[in-house]
Amino acid sequence: TQSTRPQRLLGAVQKNATRGQPHSVLKAIDQFCTHTEWAMNVGDEKGCILDSVVSEVNPATVLELGTYCGYSTVRIASLLPPHAKLITLEFNPDFAAIARQVIAWAGLEDKVQLVEGASGDWIPKMKEQFGITTFDFVFLDHWKDRYLPDTKLMEECGLLRKGTVLLADNVICPGTPDYLEYIRNSPRYKSQYFKSHLEYTKVEDGLEKSVFQG
Ligand SMILES: Cc1ncnc2c1ncn2[C@@H]1O[C@H](/C=C/CNC(=O)c2cc(-c3ccc(F)cc3)cc(O)c2O)[C@@H](O)[C@H]1O
Ligand SMILES: [Mg+2]
């Protein structure tokens, strides 16, 4: 039977990366996606911007929307301080199964809680289920038409505090026009666009960093 792209990506990690070395997992995925098969990971160019924002925030609590194969999960988790927690939401069980193995190969399972389910269902349950009061950092990289409703939902559920940083992937390509319009015009956020390129291509894309003002 045919393998899937995530299965082939996992195979590249298991073949080329060293267990317990997150950077080697990222390198194996980036090489696979550059030379063998494109996949929708944030990639190394936008990934360096992600790294700098995560390092600046130094978050104790992180929410990632859209795990896919776990590339950005590994990238973020590898930068977290010892007792920090990263919760990542993924509603496709096949992708979740691959991501769990990628995260385990990197040796980061103790920092990551992968929750299988839809963001709209789980965001309202973050406090009761995981003892979260607010998130310090949120990475948005799931369906692009979910960025805005989920941001409003996080506001309503009291999951954002003064200084919480939202970082959104793909605000140019594929694009998240309703999210950008809202976040750039809302007095409740201070936003900054980081120009970059769509992963593994020369097409323009970028990340939008938005700080909640409380
Ligand atoms: C509400 C909900 N709840 C839970 N999980 C959810 C969820 N909504 C989606 N997911 C999950 O998250 C991932 C989905 C990611 C969507 N990302 C993109 O579509 C994407 C596309 C491109 C792209 C650019 C140019 C092209 F020509 C083609 C594709 C680049 C990217 O970087 C992308 O992120 C995927 O794993 C999906 O199962
Ligand atoms: Mg993306």
Side-chain angles (χ1 to χ4, degrees), residues 4-10 13 26 29-30 32-34 36-51 53-54 62-76 86-103 112-126 129-130 132 135 137-157 159 166-180 183 193-210:
T4 66
R5 180 172 310 187
Q7 285 169 333
R8 293 191 290 273
L9 182 148
L10 173 63
V13 167
L26 299 174
I29 295 172
D30 286 331
F32 174 76
C33 293
T34 302
T36 307
E37 197 170 359
W38 188 93
M40 60 181 176
N41 316 117
V42 74
D44 198 45
E45 186 180 313
K46 288 188 288 181
C48 286
I49 300 166
L50 171 62
D51 293 350
V53 174
V54 172
V62 177
L63 177 62
E64 174 180 62
L65 302 176
T67 317
Y68 188 46
C69 295
Y71 175 92
S72 50
T73 322
V74 166
R75 194 143 193 149
I76 296 166
L86 189 165
I87 297 173
T88 183
L89 303 183
E90 175 54 58
F91 66 12
N92 181 310
D94 301 326
F95 296 167
I98 297 293
R100 288 189 200 286
Q101 295 173 79
V102 169
I103 293 159
V112 176
Q113 174 128 31
L114 195 163
V115 178
E116 274 185 55
S119 51
D121 297 337
W122 277 98
I123 285 169
K125 295 193 281 190
M126 280 296 148
Q129 293 287 327
F130 304 107
I132 296 282
F135 285 106
F137 179 76
V138 182
F139 184 55
L140 298 91
D141 194 20
H142 57 337
W143 288 163
K144 308 314 162 193
D145 62 1
R146 291 298 312 174
Y147 285 24
L148 182 52
D150 284 347
T151 297
K152 290 181 172 175
L153 189 56
M154 286 187 286
E155 289 174 17
E156 286 152 22
C157 295
L159 287 168
L166 307 186
L167 190 66
D169 190 25
N170 309 116
V171 297
I172 303 299
C173 178
T176 62
D178 59 341
Y179 173 80
L180 273 192
I183 208 96
Y193 174 62
F194 291 84
K195 185 174 183 199
S196 184
H197 295 94
L198 176 68
E199 51 267 28
Y200 318 115
T201 78
K202 293 183 170 46
V203 173
E204 182 181 342
D205 188 21
L207 301 169
E208 187 83 0
K209 175 192 170 188
S210 305

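Numbering of residues begins at 1 and proceeds along the displayed sequence. We count ligands from 1, going down the list as the structure has it; atoms in each ligand are counted the same way. Since the structure is predicted, the reported quantities are computational estimates derived from the model, not experimental observations.
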So the atoms of ligand 1 within less than 4.0 Å of a heavy atom of Asn170 turn out to be 30 (C), 31 (C), 32 (O), 33 (C), 34 (O)
Here the Mg ion (ligand 2) sees protein N, O or S atoms within less than 2.8 Å, and their number is 3
Applying side chain to side chain contact (heavy atoms under 4.5 Å, CB included) to Asp94 and not counting sequence neighbours gives Asn92
Within 4.0 Å of some non-hydrogen atom of Asp169, the atoms of ligand 1 are 32 (O)
Closest heavy-atom approach to atom 16 (C) of ligand 1 among Tyr71, Tyr68, Trp143, Phe91 is made by Trp143
Of all protein heavy atoms, the one nearest atom 28 (C) of ligand 1 is Trp38 CH2, 4.1 Å
Among Asp141, Asp205, Leu198, the residue with a heavy atom nearest to atom 24 (C) of ligand 1 is Leu198
Among side-chain atoms of Tyr71 and Asp30, is any donor-acceptor pair under 3.5 angstrom? yes
Q) Within a distance of under 4.0 Å, is there any protein heavy atom near atom 38 (O) of ligand 1? A) yes
_Is the shortest side-chain heavy-atom distance between Asp141 and Tyr147 below 4.5 Å?_
yes
Ranked by distance from atom 13 (C) of ligand 1, the top protein heavy atom is Glu90 OE1, 4.0 Å
Under 4.0 Å from one or more heavy atoms of Glu199, ligand 1 contributes atoms 30 (C), 31 (C), 32 (O)
Counting from 1 in the order shown, the ligand 1 atoms closer than 4.0 Å to a non-hydrogen atom of Asn92 are 38 (O)
*Relative to each other, are the rings of Trp122 and Phe130 parallel, tilted or perpendicular (30° and 60° limits)?*
tilted
Verdict with reasoning, Val102 to Leu10, per side-chain contact (heavy atoms from CB on, under 4.5 Å): CA-CA 6 Å; Val102 169; Leu10 173 63; 3.9 Å; yes
Which of Leu63, Val42, Leu65, Leu166 passes side chain to side chain contact (heavy atoms under 4.5 Å, CB included) with Phe139? Answer is Val42
In short, Arg75 meets Gly47 closest at the heavy-atom pair NE-O, 3.2 Å
